[in-house]
Each structure stands twice: as structure tokens, then as C-alpha cells.
Amino acid sequence: MSDYIHVSVAWPYANGDLHVGHLAGAYLPADIFARYHRLKGNRVLMVSGSDSHGTPISVEADKRGIPASQIFGRYHERFLQTQQKIGISYDLFTHTDTENHHRIAQDIFLLLLERGHLYKESQKLLYSEFEKRFLPDRYVEGECYVCNYPNARGDQCDNCGSLLDATQLINPRSRNHPEETLIVRETEHYFLALGKFTDQLLAYIDGHEAHWRANVVRFSRNFIAEGLRGRPITRDIDWGIRVPLDGWDEKRLYVWFEAVMGYLTASIEWAQHIGEPDAWKRWWYNPDARIYNFIGKDNIPFHAVIWPAELFGIDGIYNDGSANGNGANATPLQLPYDIPANEFMNIEGQQFSKSRNWAIWLPDLLERYQPDAIRYYVAATFPETRDADFDWDGFLSRVNNELVAAWGNLVNRMLGFAYKRYDGKVPSYTALADEDAALIAQVEAGFETVGALLEAVKLREALSTAMGLVRDANNYLSVQEPWKRIKEDPEAAARTVYTILRVIDNLKILLAPFLPFSSQQVHEYLGYDGQLFGAQQIVTIDEAAGAHQALTYDGSQAVGRWQISALQPGQALRQPGPLFVKLEPEIVDQERSALGQPREEQPIEV
RNA sequence: GGUGAUGUAGCUCAGCUGGUUAGAGCGCGAAACUCAUAAUUUCGAGGCCACUGGUUCAAGUCCAGUCAUCACCA
């Protein structure tokens, strides 16, 4: 029986290209995990999308003097192309400016209001009479009321380090129009009454402690222990989802309140898109389904505390006619089963910085390197337990010395040998020797060991375990020496070559979640037809008020299975070639010198 | 300032509830091999496990403090 696995991935702000931090923190781990479960035959629903709203997008739009919608539209399109190229296999990657997402977010707002989880409160905020709007903290500068530094930011003083309350700044001014002095004005907002959920949240964490990462448990408990206060969920901005109440036209839902709902809204959109509008309930109303949120560590409180609190508050939605007849309230929505948050991936020892362009952008990386080479290096250095470092020396050496030398070379040398010396076929043999059977058994055991590690989201260890089997295979070859035996003992050489091809056939599957493109190549070299995984496609989804683009996955034709090889002697091989490109040592200096330099965005070729 | 994390071979990292001579991959040195994108395989060198003090028959492993880095909160 197949399990229902929901893979929910953090929603990137669509205010700039994707970079390796995104890839290492959330998207690649999620994809490896999803591909593994698909191979296992489980029912996977993997969703995410561009976060269209939020201050970072408005800031970027103001900087360039264009509308926010244009910023997010541009980067949404680039996200689709980038992720298709590197093979992040979303069932649906959409965005939050869809009719579907707006409607559901508003429904949830009203539901929470109706159930008494929201309350109204006045706040004092800085208001610009010139712009006729309240300004977020990061739009504000002024004199620090702690140290009198004249150019303190709205949230923090760069001089004395104090965190500031923007309304207390001396002579606060807008960063956009420094000549204007801002005024403090009262404004009313809705708050989510988080504190009420404290006990439920603690019980929820207790119930999952055993299989959560220690950092997520500690962080969440700590966050709750500091006391859960109500959080404002509306803002005085014009870019975002309307508050569905009369007289609230000037305000919008706070981006963090609605973005996390994307896991649910994208699932619903996916169900509609495949023509089975209720299909999302197989995960969201199935107590046996497991929902995994793949995120970076900066998002832990939102996923381990705030989103579960929203789910507690929602309780049930769109589930009329459920089993016990109590309508929408009858069945609670499923909470995340696991939140495997990754730490950060730094670059050459320094923290990512967009403003200094201390970053490695995925579209640029994909211009120059194979997707599987990028995937291999990043997966081998996943920041699963602590911050990790992307350094070009490491990239060069892991790709050349591990991926190319150990795995690529194993495939190339033996498929080439078999193709040339055995008439383009898998050689026949009469009986396997003990050492042949031993190697096959050892590699077949990998389906258990590597599988268990993938299941537990220990992806880096899963990859290194699989690579250990690659080394075992190389070791076996140097003992058996089929290139020598083919002259002295052809029978022994034939069973050795058969054995190694069968082992490669197994390794191809063990590595496929990590290296889907090259595993497909190996699959074809071995003479098989069909695609190990489904097809990714960028499609247009129509709604009443407009259309949007999304990245989708169709697994109906996929033939890959997480099971041992039954490679048949006599099977016709295809002419093999090198799997991977070996990198030139010069790239290290070239890439390093580009860090921190101004960068131009190039069009992405798909 | 508070809380938490991290600090182990040149590099990247494993070391669970304390227990024989501290592990892996890469890099380095030597040897073997030649099917392969000179790739592979074997053997070897290399570590006061951040520092100081403590608990214990026994401590990278527990406790306290110090330093460095990072995160969250104030």
C-alpha cells in the first residue's frame, strides 16, 4: 500500500533570482525526498510557489521604479525556468497572486474571525502625508534615540546596534523622500491570538519530538517559552491580499499570515488543475498522510508555531459532508509531520548578501555547469546540522574527484568495455561466483540502508552511503580485472562484466533522487526505454480573472522503481559516452573573482 | 544583555545514552593496474578532539567558566 507524502517547500520571495542558498536550504532536499518517495511508489504531492507579496518585493519595485506586480511577474517566470532546468519536480509551483490563493486566504481570515481567533487593536506607526501611506520600518530613517546617531534605520541603529521602535526615532524621515518628516498616526489592525494555542502547540511538538531535528524542537520550544503574543496579520500597504471586510480597503493581509497557507491553496489548485477538485483531501484530511515542510532555519517559527496555530484555528475548511456530519468543523486539517529545516549555506566563508552580490545565482550556475554536478556538490554539503560553505575549490574537487572519477568513470569504463567487447550486449554467463554474488548483495542492501536514510531526511548521509557502494564496485573491478581475464579466462570476464553492469543498474536507482538527469542517461545506456521520472512542464493555468504560469510534474509515464535490478544477459546496450563534464581548474579563480562584482541578469535558456 | 547552536586530521565533515591504540571522503606520499574523461585500487603519513578547571576507575563524549563564529530574542 502506498503512503501519502506531502512535500511542501518554502515559498521564495519573487524579488530576485534563486541562489544556492535557496537550493541548499529547501528546494533540493525537498526534490530528493520527493523523487525517492515517487520511486518507492508512494503518492507524492509536492507544491510551492512564488511569494508575490511582502515588503521585499515592494522595496525592490520602488528601487527600480516599477510596479510590484512587474517585479514578481519577472522573477516568477525566472523561477519556473530555473527550477525546471535543475529538476525541482514540483507537482505544482504556482504563486500567491492567484484568484485561488486570494479567495482561500480570505476565507481562512473570515473563518478565524468567526471562530474568535482574531482581535482588533490599535497601533502607532509612522505615516507619510506625502505618500499617503504608512511606512514599513525599513523605509524609515532618523536620529537614534539611544545614541543620537543621525542615520539610524527604522528597526535598528547601525551605530550602537540597538533595536529601535521606529515611532520613537527623533525626526523620522522617509528613505524615499528624506526631506519629509514623518508623523506618528494611529492605525487599527487584526491580530491572531497566538497565545491561546500555547498548550496545543506544546503538545504538538511533544508528539513529534522523536522524529524532528533537535534544532527545530529546541527552537520551537524556546520560541513558545518566551511567550506567544498576538501577531498583527494585516498591514497598511496596497500590495497584497485585500482584507475581506467593509471599510478595510486600504489594508492588506500580512504576507506571512497568507504565504504559509500556500501549502494548502496550492494543493487545492493542483487538484483543480488535474480535474479532481477533491484530490487534495487525500493528504490534508488523511490522518495517515505525512506532510513535510522543507524550509530554511530562518522560517522555523512560522512553520513550527504560527502555521500550526493557524491550522488549529481553521480546524476544518471546505469539508462539508464529512463522516461525522458536523460540516466543515468535523475534521481538522493535517499538521506538518516533520519540518526538516536546514541551516544556511555560506559562500567562500561569507554570508550571502544580495546587495554586495556575494551570491551564486542559479541561472548563472546552470549556464556553465551540468544540473547533476550542481546537485551533487550541494547535496554532498547540505547544511543539515550546521551552516555549510559553498566554496569553488570544494566544488571542483567533489565534482572531478568524486562524481566524475568514481561514479562517471565507473559507468563510462564498464559500459564502454561491454559495448566494445561484448557486441553491444549485456554479456551472458553460466554461473556467478561468490564474489560476484557478494557485491550484488552488498549493493542491493543499499535499497534498505540508503532508503532508510532518505526516509529519515538524512540526505547527505544517504548520498555518501550510495557513493561508498560506488567505491566498492570500483574495488571489485580492480580485483577481478576483466580487461585482463578476457584474454585468459573469458568465462570469468563475462560474469564479472555482467555483475558490474547489474551493479551499475542498481546504483543508477540509488543515485537517481540526487542525480536524476545522469541516472536517466545510464538507464538508456543500459538499453532500457522509458523515463525514470515524469515530465516537468511549464503550463498556463486559467482562472476567471486571468491566467498564470506554473511548473507541473506528470509522473504517469515514469518507469523508475526503488527496487533491485533484474538485468537480463543479452539485453542490447546503447553506445555510451561520458556522463559528466570534467571541470577545468581555472574555474575556481574565475568564479571567485566574479563574487562581489556587479552582475547582469541574463535571459534563461530552457 | 538573554537563550540556543557550533568549534574534531591540510579541506569538508561523522562520532547515539562517557569505556579498548579517535573515524570517513577528498588532498598529500608510495606501490599496483591500464578497461576508462591519467580515471581506478591498495598501503602509508597526518589529530594536546577551541582553551581552562572539575566530576569519574574512565571524557571529543558529562558539569562550570573563557575565547571565537552563527542564529533567535530583548
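Lettering follows sequence order; numbering is per chain, from 1.
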Atom pair distance, as rounded to whole Å: CE in A:Met467 and P in B:U40: 10 Å

Shortest non-hydrogen pair, A:Gly570 vs A:Ser428, comes out as N-OG, 4.4 Å

Restricting to non-hydrogen atoms, name the atom on A:Val216 and the atom on A:Ile339 that form the minimum distance, rounded to 0.1 Å. CG2-O, 3.4 Å

Shortest non-hydrogen pair, A:Tyr263 vs A:Trp11, comes out as CE2-NE1, 3.2 Å

What does A:Asn215 touch in the nucleic acid at a heavy-atom separation under 4.0 angstrom: a base, only the sugar-phosphate, or nothing? nothing

Side chain of A:Ser397, heavy atoms from C-beta onward: which of B:A14, B:C26, B:A5 has the nearest atom to it? B:C26

B:A14 and B:U6, which share atom name C1', separated by this distance in whole Å: 15 Å

Name the nucleic acid region contacted by A:Ser464, choosing base, sugar-phosphate or nothing; use a 4.0 angstrom heavy-atom cut-off, strictly under. nothing

Just to be sure I understand the rule, does A:Phe580 reach a base, reach only the sugar-phosphate, or reach nothing, if contact means heavy atoms closer than 4.0 Å? base

Would you kindly compare A:Asn475 and A:Val581 by the position of their nearest RNA chain B nucleotide and give the one closer to the 5′ end? A:Val581

Looking for any heavy atom pair under 4.0 Å, which part of the strands does A:Met414 touch: base, sugar-phosphate only, or nothing? base

Below 4.0 angstrom from OP1 or OP2 of B:G4, is there any side-chain N or O of A:Arg221? no

Please state whether the phosphate of B:A39, meaning OP1 or OP2, lies under 4.0 angstrom from any side-chain nitrogen or oxygen of A:Asn401. no

Categorize A:Gln351 for me: base, sugar-phosphate, or nothing, with a 4.0 angstrom heavy-atom threshold over every strand shown. sugar-phosphate

Any strand, both distances under 3.5 Å, Watson-Crick or G-U wobble: B:U21 pairs with none

Hunt down the Watson-Crick or G-U wobble partner of B:C16, both distances under 3.5 Å, from any strand shown, or write none. none

Report the distance from atom CZ of A:Phe382 to atom P of B:G25, rounded to the nearest whole Å. 22 Å

Tell me the interatomic distance from A:Glu402, atom CD, to B:A39, atom P, rounded to whole angstroms. 14 Å

Report the distance from atom CG of A:Leu439 to atom P of B:U41, rounded to the nearest whole Å. 13 Å

In this structure, how many angstroms lie between the C1' atom of B:C70 and the CG atom of A:Asn342, rounded? 16 Å

Is there a ring pair (Phe, Tyr, Trp, His ring centres under 6.0 Å) between A:Tyr369 and A:Phe395? Walk through the geometry before answering. CA-CA 11 Å; A:Tyr369 308 105; A:Phe395 181 74; 5.1 Å; yes

If I pick the C1' atom on B:G7 and the same atom on B:U52, what distance separates them, to the nearest angstrom? 16 Å

Using the C1' atom in both, what is the distance from B:G47 to B:G23, to the nearest Å? 11 Å

Which one is paired to B:G53, where only Watson-Crick or G-U wobble pairs with both distances under 3.5 angstrom count? B:C63

Please report the distance separating the P of B:C51 from the corresponding atom of B:A68, rounded so that it comes out in whole Å. 16 Å

With both distances under 3.5 Å as the test, what is the Watson-Crick or G-U wobble partner of B:G44? B:C28

If you look at every strand shown and take non-hydrogen atoms under 4.0 Å, does A:Arg471 touch a base, only sugar-phosphate, or nothing? sugar-phosphate

Proximal nucleotide (of B:A71, B:C26, B:U3) relative to the A:Phe344 side chain: B:A71

Taking all heavy atoms of A:Leu410 and all of A:Ile504, pick out the closest pair and write down the distance. O-CD1, 3.9 Å

How would you label the glycosidic angle of B:G53: syn (within 90° of 0) or anti? anti

Between the side chain of A:Arg574 and the main-chain N/O of A:Glu524, is any donor-acceptor distance below 3.5 Å? yes

Determine the Euclidean distance between corresponding P atoms of B:A50 and B:A5; express it in Å to zero decimal places. 16 Å

Partner of B:A58 by Watson-Crick or G-U wobble geometry, both contacts under 3.5 Å, or none? none

Just one of A:Trp256, A:Trp307, A:Phe219, A:Phe223 clears the ring-ring contact (aromatic ring centres under 6.0 Å, His included) bar with A:Phe302, so which one? A:Trp256

Base, sugar-phosphate alone, or nothing: which one does A:Ile300 contact when heavy atoms must sit under 4.0 Å apart? nothing

Per nearest nucleotide of RNA chain B, the residue lying toward the 5' end, A:Glu461 or A:Pro301, is A:Glu461

Is there a side-chain contact between A:Lys508 and A:Tyr528 (heavy atoms, below 4.5 Å)? yes

Integer angstrom distance from the C1' of B:A22 to that of B:U61: 11 Å

What is the distance from CG of A:Leu410 to C1' of B:U41, rounded to the nearest Å? 13 Å

Mark yes or no for whether A:Glu384, through its side chain, and A:Arg460, through its backbone, hold a donor-acceptor pair below 3.5 Å. yes

With distance as the sole criterion, do the side chain of A:Asn409 and the base of B:A36 form a donor-acceptor contact below 3.5 Å? yes

Nearest to side-chain heavy atoms of A:Phe219, which nucleotide of B:U40, B:A71, B:A14: B:A71

Nearest of B:C72, B:G4, B:A38 to any side-chain atom of A:Arg218? B:G4

B:G2 to B:G65 separation - P atoms, rounded to the nearest Å: 11 Å

How many whole angstroms separate atom OH of A:Tyr376 from atom C1' of B:C26? 10 Å

Length of the CG-C1' vector between A:Leu463 and B:A14, whole Å: 15 Å

Looking at A:Met261, is its backbone amide N or carbonyl O close enough to the side chain of A:Glu310 to form a donor-acceptor pair, meaning the two atoms are under 3.5 Å apart? no

Tested for ring-ring contact (aromatic ring centres under 6.0 Å, His included) against A:Tyr337, the lone hit among A:Trp212, A:Tyr204, A:Tyr292 is A:Tyr292

Strictly below 4.0 Å: does A:Lys420 bring a side-chain N or O up to OP1 or OP2 of B:A36? yes

P-based separation of B:C63 from B:U3 [nearest Å]: 15 Å

Using Watson-Crick geometry (N1-N3 plus N6-O4 or O6-N4) or G-U wobble (N1-O2, O6-N3), each under 3.5 Å, B:A71 is paired with B:U3

Going by number, which of residues 476-514 of chain A have a non-hydrogen atom under 4.0 Å from RNA chain B? A:Ser478, A:Glu481, A:Trp483, A:Lys484

Nucleotide opposite B:C35 in a Watson-Crick or G-U pair, distances under 3.5 Å: none

